[in-house]
Every structure is written in C-alpha cells, then in structure tokens.
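Heads up: the structure comes next, in structure tokens.
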Amino acid sequence: MSERDVGMAGEQKRVHQVTAKIATETAVLQKAIGGAGGEITSIRKHFWEDVTVNLDNDDEIIETYTSIKQQSELLNEKERRHRHSQNQLRILERLQRSPYFGRIDFTEQGEQEAESIYIGIASFYDEETQNFLVHDWRAPISSVYYDYSLGPAEYQAPYGKITGSLELKRQYIIRNGILISVFDTGVTIGDELLQEVLGGQADSQMKSIVATIQQEQNLIIRNERNRLLVVQGAAGSGKTSAALQRVAYLLYRYRERLTADHILLLSPNPLFNSYVSNVLPELGEENMQQSTFQQYIEKMLDDDFEMEDAFAQLEYVLTSIINPGYQTRLTGIAFKSSLDFLEMIEGYSRELMQAGLIFKDIKFRGKILISSQSIHSYFYSFSHTLPIPNRLLLVSEWLSKELRRFEKKELKKSWVEEELQYLSKEDYLKSYQKVDKHKAGNRDTFDDFEKEQQVLAASVVKRRFRPLFKRVKEFAFLDAAGMYRKLFEGKGPAGHEEDWGQICTDTVAKLESGELYYEDATPYLFFKEKLMGLKTNTLIRHVFIDEAQDYSPFQFAFIQRLFPRSKMTVLGDFNQTIFAHGNEEGLGVLTSLYEEEEIATIILTRSYRSTFEIVEFTRELLLHGGEEIQPFNRRGNKPVVVEIKEEGEVTDCLVTVITDMQSLGHQTIAVICKTAAESKDAYSHLKGRLPVKLIGTGKTDYEAGIVIIPCYLAKGIEFDAVIIYDGSRESYHRESERRLFYTACTRAMHELYICSPGEFTPFVQGVSADLYVRKLWSLDDYHN
C-alpha cells in the first residue's frame with residue numbers, strides 16, 4: 001500500500017470514528033425531541049385543565065392571571081427548547097454526512113507539538129474525550145484556515161492575539177460519511193476544491209459554500225470594527241455569499257446579544273429572498289429579516305398613495321423611448337434621486353416653519369368640529385424657532401382636549417339614542433360589560449335604567465370618537481400630501497428651469513390621482529418625516545444592502561437616517577447598474593455620512609460563477625474596468641451567438657438549444673428577456689413545447705427547471721445555462737442598455753447562448769471574435 005493510500009485509510013478511519021459519535025448523539029437527541037414533542041402536545045391539550053380559573057373577586061382574578069401566565073411561560077420555554085433541539089438535530093444530520101471540510105495543524109508559540117484542528121459547518125464536542133472533534137468555521141482559530149498559507153500565522157482569540165506557525169493545511173471532500181478526496185494546499189483554498197464544488201450543477205437555491213471562502217471574502221465575513229463595510233465585486237465574485245456568511249458569523253460571534261431579528265437584508269427583488277433563504281438555516285442560524293427597499297417604504301407610506309413599482313419604472317425607461325415626455329421623465333428621475341432635491345426639500349421645510357403648512361378640518365358625522373384655520377392659527381402661535389414636529393405634538397395635545405370637550409357635548413344628541421336602539425347584540429354586550437365595570441367601581445347602587453343608559457351612551461360616543469383621537473395622535477390633521485404637491489408649484493431649481501414645468505405638471509397629475517412615481521416615494525417620505533419627526537428603527541443593528549449600485553443618492557441618505565444605530569454592509573457592482581436613478585454618486589453620498597476611519601472597502605475582482613470562457617467574453621462587453629475582472633480557471637464552452645434570419649424560426653431555435661442544454665444535464669436553464677412584455681411573448685411561444693415557467697414581479701418562490709425571466713428579476717441569481725432571448729441590434733443598441741445586457745449574460749455558470757433575430761447587438765460586435773462561436777440558425781445544419 002502506498003504512502004498516500006495509508007494516509008487516505010487513516011483519514012477515512014477518523015471520518016468513521018467522528019460520524020459514529022455523531023450518530024450516537026443524533027439518536028439520543030432524536031429520542032429527546034420525540035419525548036419533548038409529546039410533552040408539548042400534552043400541555044397544549046390539557047392547558048385549561050392545569051390552570052385555576054376563578055373570577056369571583058380581584059384576588060381570584062390575579063391568581064387566575066398568574067396561573068395562566070405560568071402555564072403559558074412553561075409551554076413557551078418547552079417550545080423554544082424543542083425548536084433549538086430540532087435545529088441542533090439538523091446540524092448533526094449535516095455533520096454526519098460531511099463532518100468537516102478542512103484541517104489545519106497549528107503550533108502555538110511556546111508549544112512543541114502542533115494541534116490538529118478540523119473545520120466544519122458547526123462544532124462537535126466529544127464528552128468522552130472532552131475535545132472538539134470538529135471546530136465551527138466561525139471560531140477564531142478557524143480564520144487561520146482561510147487567511148494563511150504555511151508558515152507564520154495568527155488569530156484573534158477572545159482573550160488576545162495568538163501567534164504561531166501553520167504546519168499543514170488540508171482539504172477534504174466527504175459525502176455521506178465517505179472520504180472522496182484529500183489534498184494539501186499552501187494557498188487559501190486550492191483550485192481542486194473550487195473546481196469540485198463550483199463546477200457542479202446549480203441548485204434551485206443558493207448554496208452555503210463555507211469550504212470555498214477565499215481570504216478576501218473572509219475579511220468581509222469577520223469584519224467587526226467598521227460601521228460601514230463597502231464590498232465592490234465583479235459578477236460572480238461571491239460577494240452575496242460572503243455577506244450571508246457574514247450574517248452567520250455575526251450571529252455566532254455575538255450570540256448572547258444579537259439575534260436574527262436585529263439584522264435586515266434589503267434585497268433586489270422578492271424572488272432573490274427565496275433564492276437565498278436556505279443559506280443561513282444550512283449554517284444553523286435563523287433567517288434575518290428580508291425585504292426589498294420598495295416593500296420597506298410601502299409600509300411607511302401606509303395608505304397615503306398607491307406607489308409605482310420600481311420595476312414598472314424600469315419597464316417605462318426600457319420601452320417608452322418614443323413616448324412624448326420620455327426625456328423629461330428621465331430628467332425628473334435623475335433630479336428627484338439627487339441630493340439637490342433633498343436640499344430643496346430641506347429648504348422648503350425651513351420655509352414652512354414660518355408659514356405655509358396646510359391643515360385639514362377635523363370632522364365628525366359630516367360636520368366640522370375644529371377648522372383647519374383654527375389649527376393653523378394655533379400652530380403658528382408658537383415660536384417659529386420651535387421645530388415643526390415639536391409644535392405638532394403640542395397641537396395634537398390641544399386637539400385631544402378639544403375632542404374630549406366635544407365628546408361630552410355629543411352625549412345628549414339624538415343620534416346617540418338612535419344608535420343605542422340599533423346596537424348589534426355583540427356591541428350591546430361589549431357596552432354593557434362596561435356598564436358592569438362602572439357599577440363595580442361606583443359606591444352607589446346604580447339600579448335605575450336612566451343611569452345605565454348614560455353609561456351606554458358614553459360608551460357609544462367614545463367608540464365613535466376613537467378614530468378621531470387616533471388620527472390626531474398620528475398628526476393626520478396635517479396635509480403632508482398637499483404640501484408635497486405645492487413643492488411643484490414654485491420656481492424650478494437652478495439648471496432644471498427648461499424641464500421643470502413639465503416635471504411639475506406630470507408629478508401633480510400623478511399625485512392628484514392618488515399615485516406616486518417611484519422616484520417620488522423616498523422624497524415624499526423624507527419630507528413627511530421632516531414635518532412629523534423621523535421614525536427611526538433602533539432595533540436593527542446590521543443592515544445589508546445588496547445590488548447597492550441601483551440605489552440613488554437620496555435613497556442612501558434616507559436609509560442612513562432610518563437606521564442610525566446600525567452598521568451597514570453594502571454590496572455592489574457598478575457594471576450591473578440597471579436603474580435610471582442608480583450611479584456611482586449614491587455610494588459616494590453614503591460614505592460621506594461616515595468618518596474615514598469608520599469605513600472599510602473591499603474589492604473582489606475574481607469571478608467564480610462562470611467558466612473561464614464566459615468571463616473572458618462578458619468582461620469585453622464592458623467599456624471600462626473589464627480588464628480588472630479575473631476569471632477562475634474552470635474551463636467550458638465558448639459562448640454561442642446564433643443569428644436567426646427568419647423571425648418565425650426563433651421558437652424552433654430556442655427549443656433546440658434548451659433541449660441540448662437538458663441533454664447535458666443542466667438543471668437550471670434561464671431564457672432571459674429584456675422586459676416583462678418580452679418574457680410574456682417568449683412564454684406564449686414556448687409553453688406548448690417545453691415545461692417552462694414564467695417569472696414575473698409577483699413571483700416569490702425560486703425553483704429549478706426552465707424559466708423565462710426579465711433581466712432585472714434575474715439579478716443576483718445564477719443558472720447552469722442562460723439563453724438571451726433577443727440579443728439583436730434592435731433590442732440592445734442604446735449605450736444605456738449595455739450594463740443590462742452584461743448583467744443578463746453574467747448569470748450563466750456553464751453555457752451562454754445569445755439568440756439574435758437579425759443583426760446581433762453592437763455590444764457583442766465589439767467583443768474579440770475568437771471569444772465566442774458564431775452560428776447561423778438552420779435546423780438542418782445547426783449541430784454541424
């Protein structure tokens with residue numbers, strides 16, 4: 001037996017020993033979970049049998065409440081432990097299949113012998129030997145595996161810096177407890193492991209590949225010092241994967257005081273949320289809060305306006321170039337996304353401190369109780385130096401007192417008696433319960449019918465006035481929408497005088513129809529918060545922003561105000577900017593809000609997603625910066641550009657290409673279209689011939705198979721094979737669409753096909769001819 005075979009046998013023996021111990025603990029945990037589950041079921045079933053319910057007097061009521069509370073807390077604690085045990089069981093089951101992926105032999109300074117550290121997705125402690133058989137990849141010593149080659153190394157332990165020497169770095173591929181391969185490496189992660197893990201077929205969801213974390217990605221994951229971490233990475237460079245693993249690291253590192261509820265991911269679209277949803281659970285952590293920026297601000301808007309979808313705005317930009325007013329809309333989008341507009345709103349807000357606020361009448365049953373003019377006079381009776389939100393609070397308190405006065409007057413009105421007669425049984429019972437409470441707290445005998453009617457009347461009036469009190473508390477007497485509309489009735493900002501009139505006309509028409517352009521949503525909320533006070537979110541401690549290049553300067557400034565206590569991790573690639581409001585200035589605005597020492601910037605230039613040939617092709621689609629993108633040396637086929645002379649043959653071409661991709665074993669195949677309309681057109685042609693799925697903006701679940709999808713919904717997602725539905729000059733010719741086309745092409749892992757009805761896009765014509773294969777479509781000679 002060779003020395004290598006002996007080494008393999010020894011390594012396999014250890015794998016068996018570790019998996020056997022894991023199997024033993026798994027069996028114990030399964031038994032405990034089964035018992036706990038039965039106990040929880042029993043508690044739920046007999047909950048009310050085990051509590052004392054007695055409502056005869058105050059002492060008995062208190063005792064009943066305490067009994068229910070104790071039983072509820074017991075159930076909650078047992079359910080919490082049960083969930084934790086189930087989570088531990090899932091981790092053990094994963095460890096049993098692949099207990100570890102790496103090993104380092106580290107000699108600490110001052111010690112004679114090296115200690116072998118095995119690294120996996122979670123720690124496994126052996127009670128019998130009182131040793132860790134596997135160390136969690138997030139443990140401090142595990143950072144040596146990612147950060148160092150053989151030689152001097154160090155890591156930051158909780159009690160200080162540990163220095164020493166890395167004697168060995170070994171990598172494993174273990175599947176179902178069987179050692180597939182072992183190899184030693186002197187660099188961060190060996191190409192052999194990357195080839196093995198990254199060269200496979202795409203899953204229906206993003207994989208958790210902690211075994212392949214590179215040194216620069218590890219810097220992202222373990223950064224704890226900076227308040228703002230900016231990650232700029234090429235398509236397929238692993239920035240999103242590193243960010244999600246950063247979440248797992250933070251939850252592990254600060255597990256005593258940080259939970260998944262303290263972390264928010266602002267993602268590019270709802271489909272992406274589904275795509276990444278399994279990463280943290282695979283690492284033994286709960287998913288953090290996930291939302292798109294649109295979803296977040298829609299909640300803040302409440303019912304003020306119907307808001308235009310971000311993708312509806314993008315569809316307009318891509319499809320409405322011949323429409324009247326198109327260029328004016330683009331100018332409006334750019335201006336409303338800028339800091340100039342933010343400053344304009346701040347200036348307007350300062351003017352409103354002196355005069356100009358618009359208030360609404362407070363009405364009850366169609367009659368004005370307190371006029372808007374009275375509210376206006378009361379508001380401006382305070383010092384003009386007092387901030388608007390502070391004055392509104394004083395007005396709110398005054399209005400509440402006035403409403404209580406009017407509430408008493410209404411008791412004797414005829415409508416109250418009429419409403420008492422028509423009370424539903426349920427409402428009457430609720431009101432009568434209040435009568436009983438009144439009796440209990442009243443020393444008089446309170447037997448006569450008249451007094452009972454008085455209490456019932458008071459209850460009815462109070463219920464009818466309750467919405468008014470709520471609106472007053474929420475400052476709904478202020479017409480924020482009306483004042484935002486007035487912003488577009490004044491003189492235009494410098495540099496925009498020519499377009500301002502039409503921008504105002506379009507915006508006001510939209511507002512008066514109860515709608516809000518997407519580019520107006522953030523400015524409107526900012527303006528409203530300037531008046532009513534900023535509603536900051538102090539619960540969130542970490543905000544992750546993916547596809548940051550598609551955020552405007554205004555949006556970044558607003559986000560930073562929303563989460564004042566949060567650290568931010570911002571991920572982007574300016575080569576993939578697809579929205580009209582996105583530009584490099586946005587990130588510059590965000591960084592300007594922090595001190596220099598609070599910011600760290602990490603640039604990832606190596607692309608791992610696509611084959612060498614696809615990266616070589618796609619980077620030449622870019623006018624600037626493409627030469628900095630480094631392809632990973634995973635070989636494959638060159639991209640193929642198929643010219644289709646007859647428009648009616650497009651469907652035949654697509655069916656043939658997709659069938660070829662399936663025959664090669666590809667599980668995820670995407671037909672990527674430019675717009676939603678184009679996606680529907682492609683679907684109508686293909687649905688009768690292939691099992692295709694149409695992905696629209698309402699789709700929230702990502703699945704494997706053949707999908708037809710607009711480019712903007714494919715952002716952040718990868719596919720085994722990508723087919724560009726229409727890569728012709730007619731479809732992609734404007735320079736503003738270059739990055740959109742680049743984004744679509746970089747979704748491909750193994751195969752990229754560009755179908756072109758007629759002459760293909762000039763973006764491809766600018767690529768070196770030896771980087772792709774050019775074919776003329778013909779069913780007879782296509783495969784020749």
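Values below: every heavy atom of this structure, side chains too, minus hydrogens, waters and symmetry copies. We're numbering straight along the sequence, starting at 1.
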Honestly, is Arg255 close enough over Tyr252, meaning NZ or CZ under 6.0 Å from the six-membered ring centre and within 45° of the axis? yes

Under 6.0 Å from the ring centre and within 45 degrees of the ring axis: does the NZ or CZ of Lys674 meet both conditions for the six-membered ring of Tyr732?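 Yes.
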
If you define the side chain from C-beta out and look only at heavy atoms, does anything of [X] sit under 4.5 Å from [Y]?
{"X": "Val707", "Y": "Thr668", "result": "no"}
{"X": "Leu264", "Y": "Met288", "result": "no"}
{"X": "Thr618", "Y": "Phe741", "result": "no"}
{"X": "Met749", "Y": "Phe719", "result": "no"}

Side-chain donor/acceptor of Ser142 to backbone N/O of Arg138, under 3.5 Å: no

Nearest non-hydrogen partners of [X] and [Y], listed with the distance:
{"X": "Leu228", "Y": "Tyr594", "result": "CD2-CD1, 3.6 Å"}
{"X": "Arg609", "Y": "Thr746", "result": "NH1-O, 2.9 Å"}
{"X": "Leu251", "Y": "Ile263", "result": "CD2-CD1, 3.8 Å"}

Given Phe293, which partner from the list Phe558, Tyr551, Phe579 fulfils the ring-ring contact (aromatic ring centres under 6.0 Å, His included) test? Tyr551

After noting the C-alpha distance and the side-chain angles of Cys745 and Leu621, does the key distance pass the side-chain contact (heavy atoms from CB on, under 4.5 Å) rule? CA-CA 10 Å; Cys745 292; Leu621 294 173; 4.2 Å; yes

Are the charged groups of [X] and [Y] less than 4.0 angstrom apart, N to O?
{"X": "Arg90", "Y": "Glu93", "value": "no"}
{"X": "Asp304", "Y": "Lys528", "value": "yes"}
{"X": "Arg747", "Y": "Glu718", "value": "no"}
{"X": "Lys239", "Y": "Asp546", "value": "no"}
{"X": "Glu224", "Y": "Arg246", "value": "no"}

Could you walk me through whether Gln245 and Val210 pass side-chain contact (heavy atoms from CB on, under 4.5 Å), step by step? CA-CA 8 Å; Gln245 287 163 114; Val210 293; 2.9 Å; yes

State which residue, out of Arg222, Gln214, Gln215, fulfils the side-chain hydrogen bond (donor to acceptor under 3.5 Å, both in side chains) condition with Asn218.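 For Asn218, the side-chain hydrogen bond (donor to acceptor under 3.5 Å, both in side chains) check succeeds only for Arg222.
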
side-chain hydrogen bond (donor to acceptor under 3.5 Å, both in side chains) partner of Glu519, chosen from Lys336, Gln555, Arg329: Arg329

Does Arg227 form a salt bridge (charged side-chain N to carboxylate O under 4.0 Å, His left out) with Glu597? I'd like the steps, not just the answer. CA-CA 9 Å; Arg227 286 193 64 212; Glu597 62 273 12; over 6 Å; no

CD1 of Ile559 to CG of Leu590: how many Å apart, nearest 0.5 Å?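 So the CD1 of Ile559 and the CG of Leu590 are separated by 8.0 Å.
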
Please report the C-alpha distance between Asp520 and Lys510 in whole Å, then the side-chain angles of each, then the deciding distance to 0.1 Å, and finally whether the salt bridge (charged side-chain N to carboxylate O under 4.0 Å, His left out) criterion is met. CA-CA 10 Å; Asp520 277 299; Lys510 196 79 170 173; over 6 Å; no

Show, in sequence, the C-alpha distance, side-chain angles and deciding distance for Glu547 and Leu571, and conclude whether the side-chain contact (heavy atoms from CB on, under 4.5 Å) test is met. CA-CA 6 Å; Glu547 304 294 350; Leu571 321 162; over 6 Å; no

When the ring centroid of Tyr296 is compared with that of Phe563, is the distance short of 6.0 Å? yes

